[in-house]
Novice: 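I have a structure here, written as structure tokens, and I will follow up with some questions on it.
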Amino acid sequence: MTNTPEKIVYTAVAHTTGGRTGRSTSTDPDIALDLRTPVSMGGRGDGTNPEQLFAMGYGACFQGAMGLAAKDPAAKAAVRDSVVRTSVSLGPEGESYAIAVTIEVRLPGLDPAEAQRLVERTHELCPYSKATRGNVPVTVRAVDAL
């Protein structure tokens, strides 16, 4: 299934050179990052890697989508104080690599079963979750502590 926007309201643009050992820049506002291969993959690890950027973006998007998923006042309060930890893992798959994602969410003050329902509903609504659905294994779970 393809999730096509009804209308484009924002477009992020980045220019990247050199791949995992290069540089990436964006505008609106200007951001420039040196890209480096992680030490565990034979690199120097002295820069940012694409998996870190994906984890940060997915986490921010997921936390934002929780606001849409939270319907009752207790859930809205928990979302305000929530913490999202997004882990993006990279490993061999066929001739190249593939990623897997784990999203853990701490929702203080919310019943564990209700917290898990909120996290699962958020996973249905989050644009990053929609983009990865059916192609990237994503595990979402509410946790007591991070």
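These numbers come from a predicted model, not from an experiment.
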Novice: Which residues pass the side-chain hydrogen bond (donor to acceptor under 3.5 Å, both in side chains) test with T122, sequence neighbours left out?
Specialist: none
Novice: Give every residue pair that meets the ring pair (Phe, Tyr, Trp, His ring centres under 6.0 Å) criterion with at least one member in residues 125-145, sequence neighbours excluded.
Specialist: F54-Y128, Y58-Y128
Novice: For the residue pair S87 and T102, confirm or rule out a side-chain donor-acceptor distance under 3.5 Å.
Specialist: no
Novice: Return the minimal non-hydrogen interatomic distance between R141 and Q116, and the atom names on each side.
Specialist: CA-OE1, 3.3 Å
Novice: Group every Ile, Leu, Val, Met, Phe, Trp and Tyr by side-chain heavy-atom contacts under 4.5 Å, then state whether L53 and V101 land in the same group.
Specialist: no
Novice: Could you state the interatomic distance from CE (M66) to SG (C61), rounded to the nearest 0.5 Å?
Specialist: 11.0 Å
Novice: Is the shortest side-chain heavy-atom distance between L146 and V105 below 4.5 Å?
Specialist: no
Novice: Quick one: pull up CG in N3 and CZ in R133 and give me the separation to the nearest 0.5 Å.
Specialist: 7.0 Å
Novice: Which pair of heavy atoms, one from V136 and one from A100, lies closest together, and at what distance?
Specialist: CG1-CA, 4.2 Å
Novice: Got L90 and M41 here, is their nearest side-chain heavy-atom distance under 4.5 Å?
Specialist: yes
Novice: Out of I103, T86, V88, which one pairs with V138 under the side chain to side chain contact (heavy atoms under 4.5 Å, CB included) rule?
Specialist: I103
Novice: Less than 3.5 Å apart, any donor N or O on the side chain of Q63 or S82 sitting next to an acceptor on the other?
Specialist: yes
Novice: Ignoring hydrogens and angles, tell me if any N or O in the side chain of Q52 forms a donor-acceptor pair with the backbone of N49 under 3.5 Å.
Specialist: yes
Novice: Got a second to check how far L107's CG is from D111's CG, nearest 0.5 Å?
Specialist: 11.0 Å
Novice: State, to 0.1 Å, how close A115 and L110 come at their nearest heavy-atom pair, and which atoms those are.
Specialist: CA-CD2, 3.8 Å
Novice: Does the side chain of H15 come within less than 4.5 Å of S24's, by heavy atoms?
Specialist: no
Novice: Are E114 and R117 ion-paired here, with the side-chain N under 4.0 Å from a carboxylate O?
Specialist: no
Novice: At what distance, to the nearest 0.5 angstrom, does NZ of K130 lie from CG of L125?
Specialist: 6.5 Å
Novice: Testing the basics here: between K76 and G67, what is the closest heavy-atom pair and its distance to 0.1 Å?
Specialist: NZ-O, 4.0 Å
Novice: When you check the side-chain N and O atoms of H123 and S129, is any donor under 3.5 Å from an acceptor?
Specialist: yes
Novice: At what distance, to the nearest 0.5 angstrom, does OG1 of T132 lie from CD1 of I99?
Specialist: 7.5 Å
Novice: Should V83 and M56 be regarded as members of a common hydrophobic cluster, given that ILVMFWY residues are connected when their side-chain heavy atoms come within less than 4.5 Å of each other, either directly or indirectly?
Specialist: no
Novice: Side-chain donor-acceptor contacts of residues 27-39 below 3.5 Å, not counting sequence neighbours, with atom names and distances?
Specialist:
residue : atom : partner : partner atom : Å
D34     : OD1  : R23     : NH1          : 2.7
R36     : NE   : D46     : OD1          : 3.4
R36     : NH1  : G22     : O            : 3.4

Novice: Considering all heavy atoms of both residues, which atom of P50 and which atom of R20 are nearest to each other, and what is their separation?
Specialist: CD-NH1, 3.5 Å
Novice: What distance separates R106 CZ from D144 CG, expressed to the nearest 0.5 Å?
Specialist: 8.5 Å
Novice: Would you kindly confirm whether L118 and V143 end up in one hydrophobic cluster when ILVMFWY residues are joined by side chain heavy atoms under 4.5 Å apart?
Specialist: no
